[in-house]
Amino acid sequence: MPATPNPATAATGLNFPAGTALTARGLSVHFGRNKVLKEVSIDIAAKAVTAIIGPSGCGKSTFLRALNRMHELNPDARMEGDIRLFGDDIYARGVEPVIVRRRVGMVFQKSNPFPTMSIAENVTVGLRLNGLRDKKLLAERIEQSLQMAALWDEVKDRLNAPAISLSGGQQQRLCIARALAVQPEVLLMDEPASALDPLATQKIEDLIVHLKKDYTIVIVTHNMQQAARSSDYTAFFYLGELIEFGPTAKIFTNPSQKRTEDYVTGRFG
Amino acid sequence: MTVSNHNWRKFKNAFMQTLTFVCAILVVLPLVLVFYHLVKEGFSALNWNFFTKLPKAVGEHGGGMVNAIAGTFILLLQAAIFGVPIGVLGGVYLSEYGGSKLNWWIRFAADILNGVPSITWGVVVYGLLVVPMHGPSALAGGIVLGMMMIPLVMRTTEEVLQLVPGGYREAAMALGIAKWKTTVQIVIRTALKGIVTGVLLALSRVAGETAPLIFTAFGNLGWAHKLTEPIAAMPLLIFNYAISPYDDWHRQAWAGAFVLLMLVLAINVGVRFLTRDRFKQKA
Ligand SMILES: Nc1ncnc2c1ncn2[C@@H]1O[C@H](COP(=O)(O)OP(=O)(O)OP(=O)(O)O)[C@@H](O)[C@H]1O
Ligand SMILES: [Mg+2]
């Protein structure tokens, strides 16, 4: 591991109980000439929820997408720096982005179950298209993933119904189940509840708290209450820079940076 | 504002409305006339023999065009085998892969090819295939129709693939599914009905082509036993019968045109059916 000091963690003296899942050092992302993420260094705690907050356009999604190499789908994007997943350099030569993405899953803002597939097929698509054929194992994975996504009881009698027949909130939980089915180590969520009503949002929040027993979760949110309620650590981004990172309670009650305080108290952003 | 001004305005409005209505009727009129004529002239010649018998020699009564009906289907089948894979894969390349500059040129070329007069295609395949093979053949006929289908199918395939929301591609890639599997199993599958629609429309477009077949399939009063022999096709036989001086043949030409129109109509209705289903699924 590189010996670059990490101001963010050094400042807070963080000690993660379950260890570190991801470490980013000097992470910068450019879109063409535009540098939208500027030398971000941060550690992501394993089996905990880390919330990413900050005003629109500050680079939250860009940061998240660099963590599983999704930004590479955009030919204009260029990344610098070093990201390790449980010690493995995910940008090392010979590391396939496909493999990285199986270890670091992602849930998007707009739910996007595949319209040509049933509920069950949506859950298993990642496994089937990667060669898993064993019917018994697939059936187990369907139940297990839907249980974890708190959707099983609502759909267990209609697993073969089209996925798009579900409600918006159910579709988003189906997408979470689909991401969980490939058994990633980390789950990235980009504003997973921002398009949902309060009740559906509540369900997703409960689910996130539940999932951290087994998974490392990084969630982008614009909802301060959501970040305060469901995360253990919070990172505040502003204009492409990581301004402050620490335990959620500290960020929300006693931030060390003025800009963080202004943002979490709703004075700007 | 004066009253006369108001009246003048009302008149202009009514005039424009009438003019556009008349033009709209003029658009539909040919279709109605063609249909009326085909049914009036051709329906009497439509009988069991028409679908089961070979053409008779001049002067003999009766006969049909079973060989031409079969020939048209064989030509369309060849065209599909040859044109659909290339057209669809080309469309997939344009939509899912490829740089924007190269794509611009491919699109430009395809659009020009779509506007090339069909007789030109016949001449090209005549030079490429008929001359080297020392004669017209069913194969050359199928290939010329297939070549005409390629740019049509390619452009419609690209268009329907572009309609698939990018979120599906991202979701699949984020599951660690390889790009080509995402393309085939997610993107193409989502757009499949649109692709099939495009293929059927292209087939119905080339089904009635006559000019390119004159140089290539040539026509045949009997059966073609091999793909290397000239083959009969409905548009060719209709053409030959129509320019003949015999009333009997004229009737047969009308009947053939009627059947051909029905074939094209059936394909188009099939397309409507498919697209209707697609919109239902979206809702
Ligand atoms: N594909 C792209 N091409 C060029 N610039 C981009 C692209 N995507 C994002 N950007 C730019 O990068 C910056 C950060 O964008 P990003 O989407 O990461 O912000 P965000 O914090 O997620 O915002 P939001 O809260 O609105 O989702 C923005 O200034 C944006 O304009
Ligand atoms: Mg964003």
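Per chain, numbering begins at 1; letters A, B, ... match sequence-line order. Predicted, not measured: the structure shown is a model, and the values here were computed from it.
- Under a 3.5 Å cut-off, the side chain of A:Asp88 and the backbone N or O of A:Arg84 do not form any donor-acceptor pair.
- Using a 4.5 Å cut-off between heavy atoms, A:Arg69 does not touch chain B at all.
- A 6.0 Å sphere centred on OH of B:Tyr97 holds more than 12 heavy atoms belonging to other residues, nucleotides or ligands.
- By the 6.0 Å and 45° rule, B:Arg189 does not stack over the aromatic ring of A:Phe114.
- By the 4.0 Å N-to-carboxylate-O rule, A:Lys60 lies too far from A:Glu191 to be salt-bridged with it.
- With hydrogens and angles left out, the side-chain atoms of A:Asp43 and A:Thr23 include no donor and acceptor closer than 3.5 Å.
- Checked for salt-bridge contact, B:Arg169 and B:Glu96 meet the test: a charged N lies under 4.0 Å from a carboxylate O.
- The candidate with the highest count of non-hydrogen atom pairs below 4.5 Å against chain B, out of A:Leu127, A:Asn130, A:Leu73, A:Val182, is A:Asn130.
- Against chain B, the residues from residues 93-113 of chain A that qualify, each with a non-hydrogen atom under 4.5 angstrom away, are A:Val98, A:Arg101, A:Arg102, A:Val104, A:Gly105, A:Met106, A:Phe108, A:Asn112, A:Pro113 in number order.
- Applying a 4.5 Å heavy-atom cutoff, the residues of residues 170-187 of chain B that approach chain A are B:Glu170, B:Ala171, B:Ala172, B:Met173, B:Ala174, B:Leu175, B:Gly176, B:Ile177, B:Ala178, B:Lys181, B:Gln185, B:Ile186.
- Relative ring orientation between B:Trp105 and B:Phe108 is described as perpendicular, the plane-to-plane angle rising above 60° on a 0-90° scale split at 30° and 60°.
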- Message: Does A:Arg128 form a salt bridge (Lys or Arg N to Asp or Glu O under 4.0 Å) with A:Glu121? I'd like the steps, not just the answer.
- Response: CA-CA 9 Å; A:Arg128 284 182 292 118; A:Glu121 285 169 336; 5.4 Å; no
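- A donor-acceptor contact closer than 3.5 angstrom is absent between the side chains of A:Ser230 and A:Glu205.
- Between A:Lys47 and A:Asp214 there is no salt bridge, since no side-chain N of the basic residue sits under 4.0 Å from a carboxylate O of the acidic one.
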